[in-house]
Amino acid sequence: MNHKKLFRLQEILQEMTETGFVSGANCLVWQGGQEQCYYEAGMRDLATQLPITRDTIFRLYSMTKPITAAAVMLLLEEGRIDLYDPVADYLPGFQNQEVMTDGMLTPVKRPVILQDLLNMTSGLTYPGEGCPTEIRTDLLMDEVITNLSSPQALTTCEIMNRLGKIPLAFQPGEKWHYGMSADVLGAVVEMVSGMRFGDFLRKRIFEPLHMNDTAFYVPPEKQSRFSKAYQSAGKRLEEFHFPHLGISNDMKTPPAFESGGAGLASTIDDYARFAQMLLRRGSYENVSLLSPQTVDFMAHAHLAPALNPYVWQWESLSGCTYANLMRNMKDPGAAISLSRPGEFGWDGWMGTYMAIDPADDMFLLLMLQKVDTGTTAYTRRIRNVVFSALD
């Protein structure tokens with residue numbers, strides 16, 4: 001890669017922090033079997049002026065989802081699940097589901113299956129106010145948040161069985177809509193494995209990949225490395241302290257709800273090990289976590305073409321399809337930043353970002369902590385630098 005071009009990444013990170021867009025960020029590019037660059041800028045804690053470092057821990061939010069997909073693939077390889085299995089086979093709350101259509105409840109034409117959860121075609125939503133499903137989901141998650149620190153805190157399976165009783169927003173398989181499908185998969189993994197979801201991830205993914213700083217909470221001895229979360233307040237940043245999607249912001253104690261869609265915290269180096277495993281089609285150093293065939297399916301499965309327009313309603317996903325809890329670039333000419341066919345990855349609510357480009361043996365990671373961020377103009381500028389630096 002052209003390292004003179006890559007140095008522009010440092011300048012972009014500096015601009016992000018000096019303009020007050022974020023408190024701090026770091027970025028890593030891996031290509032051709034080695035790290036090509038790592039840059040950092042700004043602070044993980046503005047009040048105490050603690051800087052962003054390589055071992056800074058970040059809330060992943062939706063960058064938890066690819067890890068959840070990998071957990072499901074482990075069960076798939078072992079023949080313990082079939083993607084056509086009804087979710088109700090594992091979670092009784094999904095039995096006899098109904099769909100809310102024009103204010104009327106109608107039975108589902110077919111049950112929600114595991115593949116619907118992986119592809120976000122389940123009819124489940126996130127909390128919101130746009131439709132009855134979002135409103136009911138919002139009420140459920142408010143209850144989860146209210147009980148977060150109490151002995152009555154709801155567990156992963158309890159929440160997902162309750163979620164299954166909420167009428168769906170559409171018939172399973174007929175639309176694409178981003179929602180709590182990955183959280184349901186976390187509960188499915190628990191039911192199939194007989195382990196708590198976090199224990200399964202630790203034993204089957206984090207320990208083999210030496211992801212020692214990745215978990216559903218940040219213990220006391222690591223809290224000093226845990227980045228503060230921020231939100232915009234006019235032209236300045238202020239700390240964000242509130243739970244979101246049932247996840248405690250301080251993450252100080254092991255949660256009852258281990259969110260497969262949003263609950264993990266990690267470092268850029270830990271996530272780089274996971275990204276290397278995907279880039280190397282299932283292997284990391286001397287560990288074979290998944291088979292090449294499984295990773296190929298995980299990275300290159302796609303929606304039926306008729307469903308892609310639902311995905312394209314998100315500007316940042318133009319040119320992409322979606323499957324296995326990740327975007328997949330199908331038409332770089334329709335994208336709004338430089339890309340390659342087959343590039344895949346995802347982002348998070350606080351701005352964490354992953355792009356894996358098998359064609360160029362490359363991946364990009366970006367970590368920051370600002371709410372309601374996802375893929376930003378800065379993210380696309382960083383992508384453009386990285387893809388243009390490929391020789």
### Query
For Asn119 and Thr121, does a side-chain donor sit closer than 3.5 Å to a side-chain acceptor?
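Short answer, no.
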
### Message
Whether the Ser266 and Thr214 side chains hold a donor-acceptor pair (N or O, under 3.5 Å, no angle test) is what I'd like checked.
### Response
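The answer is yes; a qualifying pair exists.
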
### Query
Can you list the steps and then say if Arg44 with Thr53 is a side-chain contact (heavy atoms from CB on, under 4.5 Å)?
CA-CA 8 Å; Arg44 65 179 185 266; Thr53 53; 3.7 Å; yes

So do [Y] and [X] actually touch side chain to side chain, heavy atoms under 4.5 Å?
X: Val72; Y: Ile81; result: yes
X: Met63; Y: Met367; result: yes
X: Tyr230; Y: Asp45; result: yes
X: Thr125; Y: Met180; result: no
X: Val311; Y: Thr321; result: no

Do [X] and [Y] have their ring centres less than 6.0 Å from each other?
X: Tyr61; Y: His244; answer: yes
X: Tyr271; Y: Phe274; answer: yes
X: Trp349; Y: Phe240; answer: yes
X: Trp314; Y: Trp176; answer: yes
X: Trp346; Y: Tyr353; answer: no

### Message
Can you tell me how the ring of Tyr378 sits relative to the ring of Phe21, calling it parallel under 30°, perpendicular over 60° and tilted otherwise?
### Response
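Because their plane-to-plane angle lies in the 30° to 60° range, the rings of Tyr378 and Phe21 count as tilted.
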
Assess whether atom [atom1] of [X] is packed by more than 12 heavy atoms of other residues, nucleotides or ligands within 6.0 Å.
X: Glu129; atom1: CD; value: no
X: Gln49; atom1: CD; value: yes
X: Lys222; atom1: NZ; value: yes
X: Asp55; atom1: CG; value: yes

Which atom names give the shortest non-hydrogen contact between [X] and [Y], and what distance separates them?
X: Leu289; Y: Pro208; value: CD1-CB, 4.0 Å
X: Leu148; Y: Gly246; value: CD2-O, 3.4 Å
X: Arg59; Y: Met251; value: CG-SD, 3.8 Å
X: Arg110; Y: Asp116; value: NH1-OD2, 2.7 Å

### Query
Do you know which of Arg273, Arg202, Arg225 makes salt bridge (Lys or Arg N to Asp or Glu O under 4.0 Å) with Asp213?
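Looking at Arg273, Arg202, Arg225, the match for Asp213 under the salt bridge (Lys or Arg N to Asp or Glu O under 4.0 Å) is Arg225.
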
Flag, side chain of [X] to backbone of [Y], donor-acceptor distance under 3.5 Å:
X: Asn2; Y: Lys5; result: yes
X: Gln231; Y: Lys370; result: no
X: Gln36; Y: Gln31; result: yes

### Task
Verify salt bridge (Lys or Arg N to Asp or Glu O under 4.0 Å) between Arg340 and Glu343, making sure each step is shown before the conclusion.
CA-CA 6 Å; Arg340 291 269 278 172; Glu343 178 249 309; over 6 Å; no

### Query
Between Cys131, Pro127, Pro132, which is the residue that forms a side chain to side chain contact (heavy atoms under 4.5 Å, CB included) with Thr137?
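For Thr137, the side chain to side chain contact (heavy atoms under 4.5 Å, CB included) test succeeds with only one of Cys131, Pro127, Pro132, which is Pro127.
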
### Arg54 NZ/CZ over Tyr38 ring centroid, <6.0 Å and within 45° of normal
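Checked: cation-pi criterion met.
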
